[in-house]
Amino acid sequence: MVSKTDDIPASVPSCNPVDLAREGETANDKDTTSKTASKDPCACGHRGDTAVMNGDAGHDQAEEADSKQDSNADADPAEDANEQEVIVIQDTGFTVKIQAPGTEPFDLQVSPVLALTWSKVQFNTFFLKYTTHLKVLKPYTVREARIHIRHIRDLLKSLDPSDAYNGVDCNSLSFLSVFTDGDLGDTGKRKKKGNELEQIDCTPPEHILPGSKERPLVPLQPQNKDWKPMQCLKVLTMSGWNPPPGNRKMHGDLMYLYIVTVEDRHVSITASTRGFYLNQSTTYVFNPKPANPSFLSHSLVELLSQIGAAFKKNFTALQKKRVQRNPFERIATPFQVYSWTAPQIDHAMDCVRAEDAYTSRLGYEEHIPGQTRDWNEELQTTRELSRKNLPERLLRERAIFKVHSDFAGAATRGAMAVIDGNVMAINPGEETRMQMFIWNNIFFSLGFDVRDHYRELGGDAAAHAAPTNDLNGVRAYSAVDVEGLYTLGTVVVDYRGYRVTAQSIIPGILEREQEQSVIYGSIDFGKTVVSHPKYLELLEKTSRPLKVQHHAVLNEKDTAVELCSSVECKGIIGNDSRHYILDLLRTFPPDLNYLPVEGEELAPESQKLVFPRQHRHRLACLRQELIEAFVEHRYLLFMKMAALQLMQQKANKDKTAALHDTSTADAESESKPQALEASEKVPDGTPTSPTSSESTLSPDDAEATTVSENSAPENQEAPADLKSAVPTANTNGTHEPSAAERQNGGCDSPLEGKEADENIPGLAQAKELAESLAAEDGSGIDPKSREVVLNACKAVGSISNTSFDIRFNPDIFSPGVRFPDDSTEDIQKQKQLLKDAAAFLVSFQAPSFVKDCLDHSSLPMDGATMTEALHQRGINMRYLGTVLEFVDNMPAKAQLEHIYRIGISELITRCAKHIFKTYLQGVELSALSAAVSHFLNCLLSSFPDAVAHLPADELVSRRKSRKRRNRVPGGGDNTAWASLTPSELWKNINSEAQSYYHFNLQCESVDQAVEKYGLQKITLLREISIKTGIQILIKEYNFDSRHKPAFTEEDILNIFPVVKHVNPKASDAFHFFQSGQAKVQQGFLKEGCELINEALNLFNNVYGAMHVEICACLRLLARLNYIMGDHPEALSNQQKAVLMSERVLGIEHPNTVQEYMHLALYCFANGQLSTALKLLYRARYLMLVVCAEDHPEMALLDSNIGLVLHGVMEYDLSLRFLENALAINSKYHGPRSLKVALSHHLVARVYESKAEFRSALQHEKEGYTRYKNQVGEAHEKTKESSEYLKYLTQQAVALQRTMNEIYKNGSNASIMPLKFTAPSMASVLEQLNIINGIIFIPLSVWVLLTSKAQKQNGSYFCSFLSF
């Protein structure tokens, strides 16, 4: 690895170190090859990870960002440093001795470029004022000159958002600064709270008001005034005279540049070993001699400043603006985020971009010129790093994350190059679908069934599904992280209708035939099988966490072969002696609901829902989350059954010992749960399926049964360890399981079940027994007790007779796989276990999701968040139709309307995506924009006669068209796409919905779908664009015109890849985060805050400055800061969280909407009312685009807006939002909900402020009635409402008297002054806290005396319901 300081050429003037310091503070100590550092250079072309000092004729670079941070940490920001002397020691480098007031002196090693003497060093922002500046110049090389030019270009483009729109170099968009007018901390100091009310324009745009049907697209990306082009140069490019001829190389010429200044001066510049100077060449005449004057400068910026006054002025202004931007707006994200909308951007000349496009891009960005990276070696070496202690684990995880991030970026670029036809196949003679590619040491294959490999499994459909199954397997084995077992780096890319799998290359695999390489597993789906003792040893370590059963299969010689994985899993020892496993597509067991097997019947629960169903391939697997949830469910059942039998034994003993105790024993047995009574009737030695004896949740009785949210952890610990598990915070609030839940064993985790079932007699005894059996050989255990465990094990399907241990055989029902005769009984058990798991999904997990949505513990806003919620419960998206049927059949369907609408939208866009995939495969590159716009017109436009625009004839070469036609990987007719019509497309969507999701859509057009299901076309457009990678021009589209199509080919700007990859985790940081959450839930705020802060530091250590988990950490920190009274700190942390959410998730992602809402609350608490309103309006607009107005979360948002407007005395506007919130709450929470009561109270407050006491009384009475019915008259809320009712009555009476006096006496009336008080900010803030789930509860004296830990945290405890 090359140190970054070695990459940097010598000094440049006018560098702004402020910027670097700020970036360093946020980025922390990133790895030396970090994208963050390389992305944002300093203001003169130097690397962004070096501390820089200003000077007259040039400046220096400091050692590295780490040194810079050390200095920052040790310094006192409030005082200036004393003047220090700096002396050049020798050419190889020198040491700067720095001492700040009140700190110990420390040394800073600096590269040999210059020395300088400072005065006034302000460490907080790194303002370094110079007095002397001495140059010690280092000669340039071609490489350093190129890097220098690249940095200058990055500086000139530092405010240009085009890279973010184009999705390159891990740039992404952020618009927060548009609404906050810069940094919120500064704004808060500048604005005066008193006179701010006069400055606020509270009126929102018309399209944001409740009830508006207008959904404009343009406000999605508001114009940022800082992005207006500030032109420093017209042209900066490589000269056509490159490279220098031999005689000029002898004079030190490295390369030639051609520049056109703003003043339209055309100049040629020579980059030489001594620096940059003007030469006498013109466009057509080569004269490399120096011009007169030549302006020889060591920095290109210095030279350009001398030849153009406009450059000097504009470059300085550009750097000032750049410094003012928040570092989080420009730090590179770890993975590329693409925007589905973009404005039309002028395409400017850019030499660096051109160079990147026409070279392999393997030299400069990785700083290993002329070499490609050995991805496999990097990926495996990082896994081999030591992990004995925390620092070692952090270093290892950081290296793993960095390499994965780089690999995903390189694989994505390679996959695009493959599909675009820019990579030569390694088998060019074969049909295009069968070709394979190697680029940048990465192997690429297309998602087609080559050589009929998947013929028996579903052909191309199976070949398309296999890579994602394989990726899930890689993810699972990587998470288990067994030492000595290696997986391949894997990235799955969908681009232009093709699926490309990118994998790192096992050393030596290309030199041998596959048959010779594979020493474990099968290469022909089980016909020939081999095994290896080392692989069995390694895979045995993964079998428990992954729930994979050790089993035997027969090979072609009818010999039993031991395996600890599926037969498709192949083991290959590479030339590097590492043990690799690949083809992990069957890591998890098959889903029998979508795998009809002749002669096998599913459980009644599955049959009731018309399963099994025919799927288009036979690779349908259960998700890992479902396996975890199923095992947890069975563990609870196991413990209950053991407890029940132990109690029965105890009762029998008592019966024989004393006959008079018989009646007592009978009474106890009658009180046992019915579900457990069914399980106690287990004959010795014959296992039964618990599924059949469990109560299942049908849509009809679902309303009466509350099912708690399932949050199956990815890495489930062994059941014995579950006793000591730390409780984690439930992000959406908790509730007590009902009796029906307990009967069904319906708890999410063993921990939750343990808490719920403490009252079951004998449970603790059963746990003790199970643990002792697992820990010892069992010799000291009573035989009857052993029999209890044996019966419980058999009943739940455990593979062990002495302890709970459920595992699955992934080869069950695999075609071509045969098992030995002596394992018949075991195979039957495994088949029953698979049937039970399939039944568990449809009878328990799917209804559980619906119930979570009904009680609002799960609140998806769009397709992505719904997919995530389903996946967390182990429900595959092929069950979407089943879930929608559950919702449709619920008695409380009206309260699930938002879920149904989002589900239908997701189903339609997924069906459209499937069709779009094959549609695009037949499209030639020159017709791509026309084809995409035609598809969108057929999908979304009301125009009935959408006609495709084929490329103009003159653009199609007649001679070559025939040849080119066969080069498309999919083959086929290149103009067939043009014949698609809207009616045909919607017919295909209906057919796809029926065949894939088994859902009857019954929509013949988009307008019918919008009308029938209450969809929005702009939401459908967003969903299909994100799913397929389409980028469209941001403008207003007229979808409803019946006279012209909505889209033209000019509206399609780009098509991006959709990338799936492994996300390496920061395990230690995550544990700190979970522990912090648990502490907070218990009320230990201070300790929780410390743990969250530590987690944040560790996350930064592993991920760098930008990551979705850091975003969650900052959000929780901001919440804690707010609750503990530190409002400015809460504002600062939440601002970072919003910026990060915009950058890593997307500007309109549902999480970003939530972050905006939280930031608005903290802005209001800090007295920034105008900013708070802007942020809330932005959040409302984004939510309207994402999920429309009819959504439970919109009620919370409107309540926030209404309260803030009430605070600034905009009563009419406030009422519009609060009454809308009341209507939504009434619809989704039911008329008896306390949320509805609170909404009534908020509306009453506004009516009171308007002196409309009759309306205020009416609403407050509604609220009072709900409080009285739900929590009783003695409750504090009921009393408050009663007092407020009295106050309103008095005010109403006083007003009526006054009016009567006026009517009676006219102008002579003596009027008593009425009290019309504007709401105080404190009261508004109190209500904002309540609706956002922040409730301050005073601690009793007893708690303060008895709980020392809580006493340290202050005299309050807070319950906050939504992290």
Side-chain angles (χ1 to χ4, degrees), residues 179 197 200-216 219 859 861 898 1153-1154 1156-1165 1168-1229 1233-1252 1255-1256 1258-1260 1262-1263 1318-1321 1323-1333 1362:
F179 303 98
L197 288 178
I200 299 178
D201 177 18
C202 302
T203 312
E206 193 68 31
H207 61 265
I208 287 175
L209 289 170
S212 171
K213 298 297 180 188
E214 189 187 353
R215 297 286 181 267
L859 260 183
M861 271 196 220
H898 63 295
V1153 178
Q1154 301 275 358
Y1156 265 102
M1157 287 169 63
H1158 294 149
L1159 183 61
L1161 173 64
Y1162 306 150
C1163 278
F1164 187 90
Q1168 299 180 31
L1169 277 63
S1170 176
T1171 304
L1173 265 178
K1174 287 180 187 173
L1175 294 170
L1176 288 170
Y1177 288 156
R1178 173 66 172 174
R1180 192 174 207 277
Y1181 168 73
L1182 294 176
M1183 200 182 285
L1184 286 172
V1185 170
V1186 169
C1187 64
E1189 193 169 65
D1190 189 19
H1191 191 279
E1193 200 70 10
M1194 188 62 84
L1196 175 61
L1197 184 48
D1198 281 355
S1199 297
N1200 275 284
I1201 295 173
L1203 274 169
V1204 176
L1205 287 169
H1206 185 205
V1208 296
M1209 296 185 287
E1210 287 281 349
Y1211 302 134
D1212 291 330
L1213 265 178
S1214 175
L1215 270 179
R1216 289 188 69 173
F1217 285 100
L1218 287 174
E1219 286 177 339
N1220 190 58
L1222 173 59
I1224 294 173
N1225 275 332
S1226 300
K1227 176 178 178 179
Y1228 285 109
H1229 292 276
S1233 166
L1234 294 180
K1235 281 184 182 288
V1236 177
L1238 182 56
S1239 280
H1240 276 296
H1241 174 66
L1242 297 180
V1243 173
R1245 280 165 50 99
V1246 182
Y1247 274 121
E1248 181 221 336
S1249 298
K1250 290 183 71 180
E1252 295 181 21
S1255 299
Q1258 185 183 343
H1259 279 285
E1260 191 57 36
E1262 293 281 349
S1320 69
M1321 289 299 128
S1323 68
V1324 173
L1325 185 58
E1326 183 186 346
Q1327 294 297 328
L1328 279 169
N1329 287 335
I1330 291 170
I1331 64 169
N1332 285 288
S1362 54

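The figures here come from the full heavy-atom set of this structure, side chains too, leaving out hydrogens, waters and symmetry mates.
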Please check: side-chain N/O of Ser1199 versus main-chain N/O of Ala1195, any donor-acceptor pairing under 3.5 Å? yes
How close do Leu1161 and Leu1328 get, counting heavy atoms only, and between which atoms? CD1-CB, 3.7 Å
Should Asp1212 and Lys1250 count as an ion pair when the cut-off is N to O under 4.0 Å? yes
Could you tell me whether the side chain of Glu1189 and the main chain of Gly211 form a donor-acceptor pair under 3.5 Å? yes
Tyr1181 side chain to His207 main-chain N or O, any donor-acceptor pair under 3.5 Å? no
If you round to the nearest 0.5 Å, how far is NE2 of His1229 from CG of Leu1234? 11.0 Å
Report the C-alpha distance between Gln1154 and Glu1193 in whole Å, list the side-chain angles of each, state the deciding distance to 0.1 Å, and finish with yes or no for side chain to side chain contact (heavy atoms under 4.5 Å, CB included). CA-CA 9 Å; Gln1154 301 275 358; Glu1193 200 70 10; 3.0 Å; yes
Heavy-atom pair with the smallest gap, counting every atom of Gly1263 and Ala1237: O-CB, 3.8 Å
Check the pair Gln1327, Leu1238 against side chain to side chain contact (heavy atoms under 4.5 Å, CB included), reporting the backbone distance first and the verdict last. CA-CA 9 Å; Gln1327 294 297 328; Leu1238 182 56; 3.8 Å; yes
If the condition is ring-ring contact (aromatic ring centres under 6.0 Å, His included), which residues does Tyr1247 pass it with, not counting sequence neighbours? His1259
Ignoring hydrogens and geometry, is there a side-chain-to-backbone donor-acceptor pair from Ser212 to Ile208 under 3.5 Å? no
Give the intermediate values and the outcome of side chain to side chain contact (heavy atoms under 4.5 Å, CB included) for residues Phe1164 and Met1321. CA-CA 9 Å; Phe1164 187 90; Met1321 289 299 128; 3.6 Å; yes
What distance separates Glu1219 CD from Ser1214 OG, expressed to the nearest 0.5 Å? 9.0 Å
Less than 4.5 Å apart, side chain to side chain, heavy atoms only: is that true for Ser1323 and Arg1245? yes
Any chance you could lay out the side chain to side chain contact (heavy atoms under 4.5 Å, CB included) test for Leu859 and His898, step after step, and finish with the verdict? CA-CA 9 Å; Leu859 260 183; His898 63 295; 4.0 Å; yes
Non-hydrogen atoms of Val1153 and Ala1179 that approach each other most closely: CG1-O, 3.7 Å
Roughly how far apart are Met1194 CE and Met1183 CE, rounded to 0.5 Å? 5.0 Å
Is there a side-chain contact between Val1204 and Val1324, using heavy atoms and a 4.5 Å cut-off? no
Nearest 0.5 Å, what's the OG1-CG distance between Thr203 and Leu1213? 5.5 Å
Taking atom types as modelled, find out whether His1240 and Glu1260 have a side-chain donor-acceptor pair closer than 3.5 angstrom. no
Heavy-atom check, side chain of Asp1190 versus side chain of Lys1227, under 4.5 Å: yes
Can you tell me how far the CZ atom of Phe179 sits from the CG atom of Leu1175, to the nearest 0.5 Å? 8.0 Å
Between Leu209 and Phe1217, is any pair of side-chain heavy atoms under 4.5 Å apart? yes
Approximate separation, where rounding is to 0.5 Å, of Arg1180 CZ and Leu1184 CG: 5.0 Å
Quick one: does Leu1222's side chain get under 4.5 Å of Val1236's, heavy atoms only? yes
For Pro216 and Val1185, work out which heavy atoms get closest and say how close. O-CG2, 4.5 Å
Donor-acceptor contact present, side-chain Tyr1211 to main-chain Glu1248, <3.5 Å: no
For Pro1319 versus Ser1249, what's the shortest heavy-atom pair and its separation? CD-OG, 4.2 Å
Partners meeting salt bridge (Lys or Arg N to Asp or Glu O under 4.0 Å) with Lys1235 (sequence neighbours left out): none
When every non-hydrogen atom of Ile1224 is compared with those of Pro1192, the smallest separation belongs to CG2-CA, 4.0 Å
